[in-house]
Structures are given as C-alpha cells and as structure tokens.
Amino acid sequence: MRATPRDAATSEHLHPIHRADLPSGTIALARFLIGKVLVREDGASFLTGRIVETEAYPPGDDAAHHRSGRTARNASLFLAHGHVYVYRAYGTAMMLNVSSEADGVGGGVLIRAAEPLSGIDVMRARRGTDDIRRLARGPGCLAQAFDIGFALDGDAYGAGNALWFADDRSKPPRIARSVRIGITRNADKPWRFFVRGSPFVSGPAKLNRA
DNA sequence: TGAAAGATTCGCT
DNA sequence: GCGAATCTTTCAG
C-alpha cells in the first residue's frame with residue numbers, strides 16, 4: 001500500500017487550531033475538543049479523526065493522575081495547557097491526554113474516542129479489524145489506531161506537527177455529558193462529554209442515552 | 001523491597 | 001455479561 005501523504009481533498013477543509021486558541025480550563029477544553037479533528041502525522045501517514053468523546057480531569061480531582069502531586073510520570077499534566085500526556089493502563093492500553101491548565105497546575109483531558117476520517121486503511125491494519133466503528137472507540141483503541149506512544153509524552157501541542165487539532169467547520173455536534181467511565185473516586189462527577197447518537201462513542205449504552 | 005490498584009480490552013460463556 | 005491478561009506506578013513496611 002502506498003504511503004498516505006496529506007490528502008488534498010481532506011486537508012483543504014482543515015483549519016489548524018493554534019495552541020493559543022485552545023481554552024485553558026479543563027472542563028472548557030474537554031467540551032471544546034468534541035467535534036474537532038485530531039490530526040496525526042508521522043511522515044509516512046496522515047491520519048485524521050473527529051473527536052466524539054472526551055473526559056475532564058480538573059485540578060483537585062481525586063480520580064486524576066495528578067491527585068498526589070507532580071511526579072516523573074505525570075509531569076506532563078503540570079505543563080502549560082496544550083502539552084501531550086501519554087500513559088499506559090492495565091499493562092496494555094495507551095491513553096492520549098492533553099494538559100489543560102496553567103504551567104504548574106495539574107489538569108488534563110482524556111481523548112476517549114474518534115470517528116475515523118482519513119488514513120482508515122492504516123488504522124484497519126493496526127487494529128486488525130475492518131469494522132470502522134471499532135477503529136478508535138475507547139481510549140486504548142484510539143491510541144493504537146493513531147500510533148500514540150510514550151514518544152509523544154511531554155510534547156508541546158503541534159510540535160513537529162506530529163499531533164495537532166483542526167476545525168473543519170462542519171455542523172457543530174450535539175454534545176451530551178455523563179459521569180466518567182472506569183473510575184472509582186469522584187465517580188459521580190458529570191465530566192465526560194460525547195456526541196449524542198454517534199456510533200463511534202464508547203461506553204455502556206445506558207450512559208449514552210442520558 | 002514487596003504488594004496492590006488502575007482513566008481497559010478481548011475472548012469466552 | 002463476566003473475568004482474565006498484563007505491567008507500571010505508587011505506597012507501605
């Protein structure tokens with residue numbers, strides 16, 4: 001298969017979102033990113049997907065990785081908003097986060113799911129499935145499809161153009177919210193955002209009707 | 001130095 | 001729908 005350079009028909013409608021234009025509050029950023037386009041460039045491929053599900057982990061949140069202060073592992077969460085934080089859960093699943101507060105303050109947004117737009121063949125090969133709905137549904141699956149690894153951890157958003165966000169100015173999605181998935185502390189906070197009715201959203205159907 | 005928990009996923013029943 | 005797999009980080013002793 002030929003490498004997929006930037007697809008003209010796709011990028012023509014992509015308007016890059018500069019880091020200065022990202023909201024700096026955790027909740028605001030989580031909501032802002034819904035419906036935006038995640039872009040992953042690694043030289044050989046150009047992958048895009050529309051973000052359909054995020055979760056906010058604001059300062060003071062007991063469920064967040066930054067709850068017990070800054071460590072070597074979670075340092076990226078304390079960088080100025082717009083830095084990439086990557087970690088591995090349960091030994092297998094990589095998770096993509098974006099720091100969301102001022103420098104020195106811990107906060108992050110987890111990107112949980114996306115609707116594949118371009119580079120779909122590459123994602124299919126990486127995920128080992130042809131079902132487009134399963135390519136980037138769930139944080140670990142999304143990371144695998146977009147080849148998110150520790151190499152990206154700590155990167156400033158947009159650095160080297162490896163990872164950035166764009167606005168394709170499509171119709172704004174209907175955003176719904178619910179409690180977050182898979183956590184035990186602060187489990188009653190409605191800090192998960194998703195596109196209502198999207199088949200690319202993860203999580204139990206019960207939550208997605210809320 | 002050891003043990004336990006964790007922002008999940010996949011396969012099997 | 002349920003339970004195992006899997007491994008890093010963190011906390012306790």
- Task: Send over the distance from A:Asp61 CG to B:dG6 P, rounded to a whole Å.
- Result: 14 Å
Tabulate protein N/O versus nucleotide N/O from nucleotides 2-6 of chain C, keeping only pairs under 3.5 Å, one per line.
| unit_1 | atom_1 | unit_2 | atom_2 | d |
| --- | --- | --- | --- | --- |
| C:dT6 | O2 | A:Tyr90 | O | 2.4 |

- Query: Closest to the A:Arg185 side chain: B:dC10, B:dA7, B:dG6?
  - Reply: B:dG6
- Query: What nucleic acid atoms does A:Arg67 come within less than 4.0 Å of, heavy atoms only: base, sugar-phosphate, or nothing?
  - Reply: nothing
- Is the gap between the ring centers of A:Phe165 and A:Tyr157 under 6.0 Å? yes
- Item | Under 3.5 Å donor-acceptor, A:Glu55 side chain and A:Arg112 backbone | no
- Decide yes or no for A:Val98 and A:Val84: does some side-chain heavy atom of the first lie under 4.5 Å from some side-chain heavy atom of the second? no
- Is A:Arg127 paired with A:Asp147 through a side-chain N to carboxylate O contact shorter than 4.0 Å? no
- Whole angstrom is fine here: how far is it from OH in A:Tyr87 over to P in B:dA7? 5 Å
- Query: Taking atom C1' of B:dA7 as reference, at what distance in whole Å does atom NE2 of A:His66 sit?
  - Reply: 11 Å
- Message: Of the options B:dC10, B:dA7, B:dG6, whose atoms approach the side-chain atoms of A:Thr184 most closely?
- Response: B:dG6
- Nearest-neighbour nucleotide for the A:Cys141 side chain, B:dA7, B:dT9, B:dT8 considered: B:dT9
- Item | Nucleotide nearest A:Pro139 when distance is taken to its side chain, options B:dT8, C:dT10, C:dT8 | B:dT8
- Atom-pair distance (CG on A:Leu77; P on B:dA7), nearest Å: 12 Å
- Query: For the pair made of CD1 in A:Ile111 and P in B:dT8, what is the distance, rounded to whole Å?
  - Reply: 14 Å
- Flag the pair A:Asp131 and A:Arg133 as a salt bridge only when some basic side-chain nitrogen lies within less than 4.0 angstrom of an acidic carboxylate oxygen. yes
- Quick one: label A:Ile183 by what it contacts on the DNA or RNA (base, sugar-phosphate, nothing), any heavy atom closer than 4.0 Å. sugar-phosphate
- Message: Considering every strand and a 4.0 Å limit on heavy-atom distances, what is the contact class for A:Arg180: base, sugar-phosphate, or nothing?
- Response: nothing
- Message: Does a side-chain N or O of A:His65 approach OP1 or OP2 of C:dT9 to a distance below 4.0 Å, or not?
- Response: no
- Query: Does NZ or CZ of A:Arg180 come closer than 6.0 Å to the centre of the six-membered ring of A:Tyr57, within 45° of the ring's axis?
  - Reply: yes
- Where are the stems of DNA chain B, defined as at least 3 consecutive Watson-Crick or wobble G-U pairs with both distances under 3.5 Å? B:1-6 with C:7-12, B:8-12 with C:1-5
- Task: Would you check, one step at a time, whether the test side chain to side chain contact (heavy atoms under 4.5 Å, CB included) holds for A:Arg134 with A:Cys141?
- Result: CA-CA 8 Å; A:Arg134 294 189 181 180; A:Cys141 297; over 6 Å; no
- Phosphate OP1/OP2 of C:dT9 contacted by A:Arg73 side-chain N/O (<4.0 Å): yes
- Could you tell me the separation between the CZ atom of A:Phe193 and the C1' atom of B:dA7, rounded to a whole number of Å? 15 Å
- side chain to side chain contact (heavy atoms under 4.5 Å, CB included) assessment of A:Met94 paired with A:Phe146: CA-CA 11 Å; A:Met94 306 298 295; A:Phe146 283 84; over 6 Å; no
- Item | A:Arg124 atom CZ, over 12 foreign heavy atoms within 6.0 Å | yes
- Item | A:Asp61 with A:Arg185: basic N within carboxylate O range, under 4.0 Å | no
- Task: Assign A:Asn74 to base, sugar-phosphate, or nothing according to its heavy-atom contacts below 4.0 angstrom with the strands shown.
- Result: nothing
- Figure out the CE/P separation between A:Met94 and C:dT8, and round it to whole Å. 10 Å
- What integer distance in Å separates A:Arg137:CZ from B:dC10:C1'? 13 Å
- Task: Output the single nucleotide from B:dT9, C:dT10, B:dC10 whose closest atom is nearest the side chain of A:Arg127.
- Result: B:dC10
- Task: Give a yes/no on whether any side-chain N or O of A:Ser68 is located under 4.0 angstrom from OP1 or OP2 of C:dT10.
- Result: no
- Item | Short side-chain to backbone donor-acceptor contact, A:Ser99 and A:Leu77, under 3.5 Å | no
- Item | Position toward the 5' end of DNA chain B (nearest nucleotide), A:Gln144 or A:Tyr85 | A:Tyr85
